Amino acid sequence: MYEKLIALEQNMNLQLRLVAVDKTRFDVSSAHQGRLYLVSKAAEPFNIARANHYCRLSGGYLVELDDSQEYQFVFGLASAIGGANTFWTGANDIDNEGTFVFYNNKKPAAELAWSGGQPDNAGGFEDCVEIRLDFGGLNDWICDQSGKFVCEVPI
Ligand SMILES: [Ca+2]
Ligand SMILES: [Ca+2]
């Protein structure tokens, strides 16, 4: 009985989260480890503050890739949805070159799955972190380049 109630509550929370997502703006993942992931439908020039704002309007924040399992899930999601080569994350070193943090919670982004040779801060101003499909991993890139972005929504 008690387990059924917990399952019912979890499903209700999931439904409430799904209702709050702006589905004109985002494609939505299945639930994974207590999270939903949203991928913006339009590939457009990235603005990290504006993107995080849109994530918040749908109940989340720019994705925080905390471990390899989460990274693998989000990379797979981006590959499946496609429509862009760049999928922006919340990781960045805007404030302190070489020290990557997440935009929303300001915590260190310590476990990033960099693709080979990255981060290289090419040209001296690559401060935002994209999932780069054709690199097969993460890359630091110029923050205003065009791409989709990914939000994380706790259920
Ligand atoms: Ca940088
Ligand atoms: Ca780079």
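The model shown is predicted, which means the values in this text are computed figures rather than measured ones. Just so you know, these numbers use all the heavy atoms, side chains as well, and skip hydrogens, waters and symmetry mates. Numbering of ligands and ligand atoms starts at 1, following listing order.
Between Lys148 and Ile81 there is a side-chain heavy-atom pair separated by less than 4.5 Å. Side-chain contact between Ile155 and Leu16: absent, with no pair of heavy atoms (C-beta onward) separated by less than 4.5 Å. Residues Leu138 and Tyr71 are in side-chain contact: their nearest non-hydrogen atoms beyond the backbone lie under 4.5 Å apart.
For Phe46 and Phe87, the gap between ring centers reaches or exceeds 6.0 Å.
Nearest N, O or S atom of Asp120 to the Ca ion (ligand 2): atom OD1.
By the criterion of a separation under 3.0 Å, the protein N/O/S atoms near the Ca ion (ligand 1) amount to Asp93 OD1, Asp93 OD2, Glu97 OE1, Glu97 OE2, Asn121 OD1, Glu126 O, Asp127 OD1.
Under a cut-off of 6.0 angstrom, the local environment of CZ in Phe135 is crowded, with over 12 non-hydrogen atoms contributed by other residues, nucleotides or ligands.
Considering the Ca ion (ligand 2) as centre, the angle to OE1 of Gln118 and to OD1 of Asn139 is 70° (10° rounding).
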(request) Could you check Phe26 against Phe149 for ring pair (Phe, Tyr, Trp, His ring centres under 6.0 Å), going step by step and ending with a plain yes or no? (result) CA-CA 9 Å; Phe26 294 111; Phe149 62 90; 5.7 Å; yes
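Within the structure, ring-ring contact (aromatic ring centres under 6.0 Å, His included) pairs that include any residue of residues 89-116 comprise Phe100-Trp114 (at least two apart or interchain).
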